[in-house]
Structures are given as structure tokens and as C-alpha cells.
Amino acid sequence: MAGSPQSPSAAPRDPGAPGRPAHPGSTGASDLIADALAAVHEAFRDLDEGTVATYIPELATADRALFGVALAGVTGSIYTAGDADVPFTIQSLSKPFVFALALMDRGLAEVLAHVGAEPSGEGFSSIRLDPVTGRPPNPMVNAGAIVTTSLVHGATEEERFARILHVLGAFAGHPLEVDGRVYVSESETGDRNRAIAYLMHSTGALASDVEATLDTYFRQCSVLVTARDLAVMSATLANGGVNPVTGEHVVDEVVTEWVLSVMATSGMYDYAGEWLLRAGLPAKSGVSGGLVSVGVGQFGLGLFSPPLDARGNSVRSVAAAQEISRQFDLHLMHRPDRDVPTLYRSTRADRLRHLAHRTPAQILRLREVGSAISVRAVQGTVEFAAAETILRSVDDLPSPLPSGERWLILDLHRTSRVVTLGAQLLRGLVSRLQGQGVHVVVVDPFERRLLAGVDHEFTSFEHAQRWCEDRLLEAARAV
Ligand code: GLU
């Protein structure tokens with residue numbers, strides 16, 4: 001916690017050289033990433049605007065000069081700049097992670113019965129509930145987070161909090177502790193949260209004991225973390241729920257999708273819309289000056305700097321995270337680049353190099369009729385646009401045989417993944433082609449069986465070519 005040097009946890013946990021993971025004997029190439037982060041840190045270090053939160057008295061003691069930036073890749077590597085190992089209380093940054101735990105415990109339907117998923121467009125301590133259902137708008141504002149906390153399983157309040165503390169630690173990759181001073185400070189002055197909780201109890205949105213739930217919520221907000229911890233926590237969300245440092249499966253992948261969605265629409269208080277417009281990333285900020293932001297599938301960011309802008313977001317953290325998003329081209333609405341073409345080879349057997357052991361007569365014959373065997377070699381992920389490219393590419397398959405018999409070799413060995421719709425479209429393609437007398441064979445050295453129903457699967461292109469050519473030569477002989 002900033003400003004509480006007496007806390008036993010206030011000393012940096014990792015005394016190693018800041019910013020650089022030690023790799024004995026390495027070329028130091030990964031330092032370049034730490035350097036890029038350091039440059040962003042440097043660019044905003046002197047941005048001395050905003051005010052430190054004071055409504056929780058203990059937070060008012062924070063050092064406004066602190067500024068830490070950390071990035072954890074889904075590979076498990078961590079890079080830091082500035083005060084990335086200074087502990088501070090997690091505050092609202094606990095909300096997405098406790099939301100994840102509630103979703104694991106209760107499932108989406110039950111959680112949504114108690115708390116909505118709509119951006120409130122209001123500040124974190126807004127008291128507005130849905131006029132019909134009495135539900136708080138979303139789990140990222142205090143009202144929703146208090147309800148989320150109450151939904152976490154636990155036979156007793158102690159057990160519920162123990163599970164929350166445990167999951168926060170699992171996200172961070174090591175056990176975490178509570179800052180007792182901040183907890184007491186918030187508990188003594190938390191009348192607005194009490195008002196919200198009692199109001200929700202009266203509408204039925206909060207079914208549990210009000211004081212006990214608030215106590216757990218205040219303790220949850222007082223858990224100590226560092227920017228480095230936050231980076232690992234958000235990298236776990238970026239990595240489908242598996243902590244990239246410890247390898248622990250913390251929450252299910254689908255839960256990370258739900259949590260990230262709500263973070264994207266509601267994570268930044270009443271700045272959520274403009275944040276998404278500018279940074280284009282799921283994020284959450286907290287009144288102690290922390291910010292987590294997620295480059296889905298790539299990395300998690302953890303930032304910390306106590307001075308807040310008028311909407312309660314850390315001034316330096318917002319500026320730095322937006323800059324990182326810009327430099328890394330991370331905006332969610334950015335048109336995905338097709339950095340490799342879907343079809344890297346589109347040819348026919350009469351144009352292929354002939355196989356060993358073919359007789360001169362066979363080679364001659366294959367030059368005449370080889371166009372009956374078409375080849376489509378596919379790479380990358382087959383999602384909608386890629387599937388469409390493949391379908392269009394086989395609209396007209398040539399056949400020199402009077403019988404109309406044809407062959408198609410789908411070479412999938414460079415195909416990384418076929419999404420559900422892609423597989424459905426390609427299966428439809430296979431059965432349509434088969435209905436028209438086209439024999440479809442697949443090449444996949446990894447034997448992943450990506451396409452059910454094909455005539456044959458081969459582990460090498462050569463085998464597929466030989467099989468199709470042998471059949472073609474046979475059919476051509478019959479002519
Ligand atoms: N513990 C704080 C509260 O409930 C968290 C607020 C925040 O970080 O947005 O007021």
C-alpha cells in the first residue's frame with residue numbers, strides 16, 4: 001500500500017535487477033521489451049496531474065510520485081519499469097477477479113440474476129439500481145461488486161474471504177495479504193458502501209448478511225498487490241484463465257471471456273466508453289491508482305500511480321496504457337491483419353513435380369489429364385473470411401475426364417485452427433463436392449482430423465498426390 005511503509009509487506013518483494021528477468025548466458029535480446037516499457041514510463045513519469053484519493057483516509061497518505069509499469073506475457077516473462085514492486089491496495093481491481101470466482105462458483109445465469117452487465121455511465125459509488133429488477137448495473141461498480149462478493153461460495157464469511165484471497169493469489173502467482181490499516185480505514189468510513197448495501201438488501205438484490213458481506217468486501221479491497229502482480233493477474237485473463245507464470249488453471253477460459261467483456265464495457269468508471277474508444281482494451285482501474293489492461297492472447301499490463309483524474313482513474317496509468325495499446329496496435333476494433341494469405345498454394349496435378357517411379361507414359365498421361373486433381377494448401381486459422389476464400393477457390397474445379405470425376409487435395413498441414421463455423425463450412429464443402437463426384441483428401445501430418453467425412457487423410461502431401469494420381473490414371477485408362 002502506498003504511504004504505509006510500516007506495513008510488513010511494504011518492502012519490494014523482488015530485489016532482482018528491476019525490469020529485466022535474469023537469463024544467464026542470454027543475448028539480452030528480451031531487454032528490448034523492457035526498454036520499450038521503460039520508454040513509455042519515461043514519457044509519462046513527469047505527468048504530475050490529478051489528486052490522490054482521500055475518501056478512504058489511509059489512501060490519502062500515498063506518495064503521488066510513485067509510478068510503476070509491468071507487462072507479463074502469456075509466455076510467463078515479466079518486464080517492468082519504475083515502481084513496479086511497490087505494494088498498494090488492490091481496491092476496485094479486485095472486482096473482475098472476484099467476479100470470475102463468482103462465475104466459477106455459480107455460473108453465468110445465476111450471477112446475472114443478481115447483477116447486470118450494463119455499463120452504468122456513472123461513477124464507482126453510484127447508488128442507482130435497476131428500477132424493475134433492483135439489480136446493480138454491473139460487477140465493476142461498488143454496488144455490483146458487493147453483490148458479486150456475496151455470491152462467492154463459503155460456508156462461513158471467513159471461508160468466503162479465504163477463497164477470495166486464495167483466488168487473488170492464484171491469479172497473481174503467489175499468496176497475497178491484507179493491509180490491515182487500509183481495511184480498518186475503509187471499514188470505519190465506508191458509509192456510502194453501507195448505504196448501497198442496505199438499499200440492495202431492501203430490494204432483494206443482496207440476499208446475504210449486509211455487515212458480514214461488507215466486511216469481506218472491505219477486506220477484499222485491502223489486499224496488497226504490486227504492478228508486477230497486476231500484470232500477472234491480467235496476463236492470466238489474457239491467457240484464457242491459466243496463470244502463465246505458475247501454469248495453474250485458475251478459472252475457465254469462458255469465464256475470462258465474460259470477465260473481459262464486462263471490463264471492456266464497464267471497467268473504467270464513467271470513462272469506460274472513451275477509454276474503449278481510445279485504448280480499445282478491456283481494463284479496470286481502482287482508487288489507489290492501479291490499472292490492469294489486457295491484450296487478449298498476448299499479455300497483461302499492470303500499472304500503478306496514485307494521482308487520479310476527475311473520474312477516478314490514475315492519470316499516468318491511463319496515459320501509459322493508452323500509449324502501449326497504440327504502439328502495439330492492440331485496439332480491439334482494429335481490422336485483423338491477414339498477415340499470411342489463406343491459400344499459399346493453389347495448383348493442379350499436371351503442374352506438380354512428378355513423383356519418383358512414374359513411367360514416362362504415366363508422366364505424359366498426367367500432363368494430359370492431371371488437371372482433374374486440384375490442390376488447395378491452406379494456412380493459418382480458418383475463420384469466416386478464410387473459409388470463404390477456400391469455398392470460392394473451388395467454385396470451378398476443372399475435369400478433363402468425360403466422366404467428370406475429379407479430386408481435391410486439401411493440404412491442411414499449415415492450418416493452425418479451424419473455428420466452429422469454418423469447420424461447418426468446410427464439412428459442407430466436402431459433402432457437396434462428394435455429391436458431384438469429387439474425391440476430397442486431406443493432408444495433415446498432425447492427424448488432427450480437422451475435417452470429418454473426407455475420402456482419405458494422409459500425413460504427407462506426396463502420399464496424397466500418389467493416391468489421387470493412381471486413381472486418376474486408372475480412370476483415364478478406362479476412357
Ligand atoms: N474500496 C473502494 C470502495 O469501495 C474501491 C473503490 C474503487 O477502487 O473504485 O469505495
Side-chain angles (χ1 to χ4, degrees), residues 1-4 50-62 87-99 115 119-128 136-150 161 164-165 168 176 178-200 206 210-211 213-225 227 230 233 262-263 266-272 275 283-293 302-315 317-318:
M1 187 216 56
S4 181
T51 48
V52 171
T54 54
Y55 78 103
I56 297 174
E58 192 62 23
L59 292 184
T61 63
F88 56 95
T89 53
I90 190 168
Q91 299 299 335
S92 266
L93 299 165
S94 61
K95 292 171 182 173
F97 303 101
V98 176
F99 179 43
V115 54
S120 70
E122 295 185 12
F124 67 97
S125 59
S126 155
I127 298 194
R128 189 127 62 93
N138 66 67
M140 299 297 122
V141 294
N142 286 5
I146 293 168
V147 170
T148 312
T149 297
S150 78
F161 179 67
I164 289 174
L165 189 62
L168 292 174
L176 299 173
V178 171
D179 184 310
R181 294 162 59 118
V182 175
Y183 156 68
V184 169
S185 182
E186 177 163 9
S187 178
E188 283 173 357
T189 57
D191 284 348
R192 193 172 171 96
N193 282 330
R194 276 195 185 85
I196 295 170
Y198 277 105
L199 182 65
M200 292 193 297
L206 182 63
V210 175
E211 289 298 334
T213 304
L214 279 169
D215 191 63
T216 299
Y217 170 76
F218 291 146
R219 283 201 276 167
Q220 152 195 332
C221 290
S222 303
V223 168
L224 284 164
V225 287
L230 292 178
M233 294 174 86
V262 175
M263 285 168 73
S266 310
M268 297 292 284
Y269 307 124
D270 40 342
Y271 182 64
W275 164 268
K284 181 76 195 91
S285 64
V287 289
S288 49
L291 192 153
V292 290
S293 190
L303 301 102
F304 167 59
S305 177
L308 310 177
D309 62 21
R311 276 126 155 197
N313 296 307
S314 163
V315 176
S317 301
V318 164

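Keep in mind it's a predicted model, so treat the numbers as computed, not measured. One-based numbering, in listed order, for ligands and for the atoms of each.
A cation-pi contact links Arg219 to Phe161, judged by a cut-off of 6.0 Å to the six-membered ring centre and 45° from its axis. A cation-pi arrangement, defined by a distance under 6.0 Å to the six-membered ring centre and an angle within 45 degrees of its axis, is absent between Lys284 and Phe99.
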List below, pair by pair, the N or O atoms of ligand 1 and of the protein that are less than 3.5 Å apart, including the distance to 0.1 Å; reply 'none' if no pair qualifies.
from, atom 1, to, atom 2, distance (Å)
ligand 1, 1 (N), Gln91, OE1, 2.6
ligand 1, 1 (N), Glu186, OE1, 2.9
ligand 1, 1 (N), Glu186, OE2, 2.6
ligand 1, 4 (O), Asn142, ND2, 3.0
ligand 1, 4 (O), Glu186, OE2, 3.2
ligand 1, 4 (O), Asn193, ND2, 2.9
ligand 1, 4 (O), Tyr217, OH, 2.6
ligand 1, 8 (O), Ser92, N, 3.0
ligand 1, 8 (O), Ser92, OG, 2.9
ligand 1, 8 (O), Tyr269, OH, 3.4
ligand 1, 8 (O), Val287, N, 2.9
ligand 1, 9 (O), Ser92, OG, 2.5
ligand 1, 9 (O), Tyr269, OH, 2.5
ligand 1, 10 (O), Tyr55, OH, 2.5
ligand 1, 10 (O), Asn142, ND2, 3.2

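Ring centroids of Tyr183 and Phe218 are separated by 6.0 Å or more, keeping the two rings apart.
For the residue pair Gln220 and Thr149, a side-chain donor N or O sits within less than 3.5 Å of a side-chain acceptor on the partner. In this structure, a donor-acceptor pair under 3.5 Å is absent between the side chains of Asp309 and Tyr271.
Other residues, nucleotides and ligands contribute only 12 or fewer heavy atoms inside 6.0 Å of the CZ atom of Arg128.
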